[in-house]
> 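Got a structure here, written out as structure tokens. Questions coming.
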Amino acid sequence: MCGFRAVTRPMEFVAAGLCVALMPQLALPRASPDIVARPLAAPQLTRFIYAVRIDTRHAPRAVLDLERILAAQALAALS
């Protein structure tokens, strides 16, 4: 419930016309007649997401696959 309130509280201020809010698309609340969402123009904001684990000897196959995919995406983003 804490995470939900962390998103809805700023949206209450936006709906009241007191401010604007920047948030990732996945965090946008469901459609509201009081709020309009617009994507940012270039340059777009980016962020890095990391998967961290301690012991690779006992990691499930899915974790190893995810790590490989994320590493490939990170390298592609840098080039």
> List in chain and number order the residues that pass salt bridge (charged side-chain N to carboxylate O under 4.0 Å, His left out) with Arg38, two or more places apart in sequence or in another chain; answer none if no residue qualifies.
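Partners of Arg38 under the salt bridge (charged side-chain N to carboxylate O under 4.0 Å, His left out) test: none.
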> Does one hydrophobic cluster hold both Leu70 and Leu64, with members joined at side-chain heavy-atom distances below 4.5 Å?
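They do not share one cluster, since no chain of ILVMFWY contacts under 4.5 Å joins Leu70 to Leu64.
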> Through direct or indirect side-chain contacts below 4.5 angstrom among Ile, Leu, Val, Met, Phe, Trp and Tyr, which residues connect to Leu78?
none
